[in-house]
Q: 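A single structure is presented below for examination.
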Amino acid sequence: MNKVAKSNMQIWMKLASESKRELVDEIRKQMKARQLSASDLALVSGVNQGQVSRILARDFKVVSQNVLQICINLRIDPSRFVGRVHGDEDAKKRIVDSALSVWDGTAEDADLLVAVLGGMAALRNAKRR
């Protein structure tokens, strides 16, 4: 079941176990292509080594900020693994490409972009009420 839960302006997407396996397989594939160890991935993504190990062991339930940080650093679109929230694949690709074009490659900037997008989602949801 795909579920979006909001907490502290963060959007967490719940994954089915098959989707989780596919996402971790893609993370491992990208790590191999870049010759990154789990320690290297922790360093470049700004995610604690223990969290990286848990993610690689599929010991997580949602696409949290840590999973998102790893995906951003490996240029993986996590929405590919969550299910079709929006049917327009071209629009999703434009959004991802746009977000990546303004990201400076640092963990701090990724945190900032995630916070900005979370704030936009919170404002949009407040207007709909």
Side-chain angles (χ1 to χ4, degrees):
M1 175 172 134
N2 293 331
K3 179 178 171 183
V4 178
K6 294 176 194 151
S7 172
N8 297 328
M9 289 183 27
Q10 295 177 5
I11 298 174
W12 294 350
M13 298 173 279
K14 190 166 184 175
L15 292 172
S17 34
E18 180 66 19
S19 297
K20 186 189 318 183
R21 184 191 59 74
E22 291 172 358
L23 174 57
V24 172
D25 287 351
E26 182 65 20
I27 290 170
R28 288 183 180 281
K29 176 181 166 188
Q30 294 303 321
M31 288 173 64
K32 183 176 181 179
R34 292 169 174 75
Q35 298 180 334
L36 292 174
S37 67
S39 297
D40 295 334
L41 182 59
L43 185 65
V44 299
S45 65
V47 174
N48 176 282
Q49 169 66 48
Q51 288 293 323
V52 170
S53 295
R54 282 188 281 284
I55 290 165
L56 292 174
R58 290 184 255 168
D59 185 16
F60 65 99
K61 294 180 181 167
V62 296
V63 177
S64 65
Q65 186 165 347
N66 288 332
V67 175
L68 189 57
Q69 284 286 116
I70 289 169
C71 289
I72 288 169
N73 278 276
L74 295 176
R75 298 198 182 254
I76 297 170
D77 176 6
S79 69
R80 291 181 10 217
F81 305 95
V82 177
R84 298 183 71 102
V85 175
H86 303 287
D88 188 343
E89 292 299 319
D90 290 333
K92 280 198 287 190
K93 183 175 178 353
R94 287 194 326 267
I95 292 166
V96 170
D97 290 346
S98 178
L100 290 173
S101 74
V102 297
W103 178 50
D104 71 6
T106 64
E108 294 82 14
D109 199 45
D111 287 340
L112 175 64
L113 290 172
V114 168
V116 167
L117 292 172
M120 290 172 61
L123 286 172
R124 179 176 283 172
N125 289 331
K127 284 184 178 181
R128 290 181 180 162
R129 291 182 185 162

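Both backbone and side-chain heavy atoms feed into the values below; hydrogens, waters and symmetry mates do not.
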Q: Quick check: are there more than 12 heavy atoms from other residues, nucleotides or ligands sitting under 6.0 Å from CD of Gln35?
A: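 Counting neighbours around CD of Gln35, 12 or fewer heavy atoms of other residues, nucleotides or ligands fall under 6.0 Å, so no.
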Q: I need the minimum non-hydrogen distance between Asn73 and Gly105, along with the two atoms involved.
A: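 In terms of heavy atoms, the two residues are closest at OD1-O, 4.1 Å.
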Q: So which heavy atom on Ala110 is nearest to which on Gln69, and how close?
A: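 Heavy atoms only, the tightest pair is CB-OE1, 3.1 Å.
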Q: Examine distances only and state if a side-chain atom of Ser101 and a backbone atom of Ser98 form a donor-acceptor pair shorter than 3.5 Å.
A: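 Flag set: sc Ser101 to bb Ser98 pair under 3.5 Å.
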Q: Taking Leu56's backbone N and O only, do any of them form a donor-acceptor pair with Arg28's side chain (distance below 3.5 Å, no angle check)?
A: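 Checking the backbone N and O of Leu56 against the side chain of Arg28, a donor-acceptor pair under 3.5 Å is found.
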Q: Any chain of hydrophobic side-chain contacts (each under 4.5 Å) joining Ile95 to Val114?
A: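 Unlinked, Ile95 and Val114 end up in two clusters.
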Q: At what distance, to the nearest 0.5 angstrom, does CD1 of Ile27 lie from CD1 of Ile55?
A: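 Going from the CD1 atom of Ile27 to the CD1 atom of Ile55 covers 6.5 Å.
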Q: Quick one: does Arg34's side chain get under 4.5 Å of Leu41's, heavy atoms only?
A: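 No, too far: nothing below the 4.5 Å cut-off.
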Q: Can you check salt bridge (charged side-chain N to carboxylate O under 4.0 Å, His left out) on Asp25 and Arg21, steps first, answer last?
A: CA-CA 6 Å; Asp25 287 351; Arg21 184 191 59 74; 2.7 Å; yes
Q: Indicate whether any N or O donor in one side chain lies under 3.5 Å from an N or O acceptor in the other, for Gln65 and Asp111.
A: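 Yes, Asp111 and Gln65 have a side-chain donor paired with an acceptor closer than 3.5 Å.
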Q: Between Asn66 and Ser64, do the side chains contain an N or O donor and an N or O acceptor separated by less than 3.5 Å?
A: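 Asn66 vs Ser64: no donor-acceptor pair found between side chains.
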Q: One pair to check against side chain to side chain contact (heavy atoms under 4.5 Å, CB included): Glu26 and Phe81. What are the steps and the verdict?
A: CA-CA 10 Å; Glu26 182 65 20; Phe81 305 95; 3.8 Å; yes
Q: Show the nearest heavy-atom pair for residues Phe60 and Leu23, with the distance to one decimal.
A: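 Looks like CZ-CD2, 4.4 Å.
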Q: Drop me the distance from Ile76's CD1 to Lys29's NZ, to the nearest 0.5 angstrom.
A: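 Separation between the atoms: 9.5 Å.
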Q: What closest approach, in Å, do Ala38 and Val52 show between heavy atoms, and which atom pair accounts for it?
A: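 Nearest heavy atoms, Ala38 then Val52: O-CG1, 3.7 Å.
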Q: Determine whether the side chains of Ser37 and Asp40 contain a donor N or O and an acceptor N or O closer than 3.5 Å.
A: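 A donor-acceptor contact under 3.5 Å links the two side chains.
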Q: Just so I know, are the side chains of Leu74 and Leu36 near enough to count as touching, which here means a heavy-atom distance under 4.5 Å?
A: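 Yes, their side chains come closer than 4.5 Å.
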Q: Search all heavy atoms of Leu68 against all heavy atoms of Pro78 and return the closest pair with its distance.
A: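 So the two residues come closest at CD1-CG, 3.7 Å.
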Q: For Leu113, run the side chain to side chain contact (heavy atoms under 4.5 Å, CB included) check against Leu100, Asp104, Val102, Ile72 and tell me which one passes.
A: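 It is Val102; the other options fail the test.
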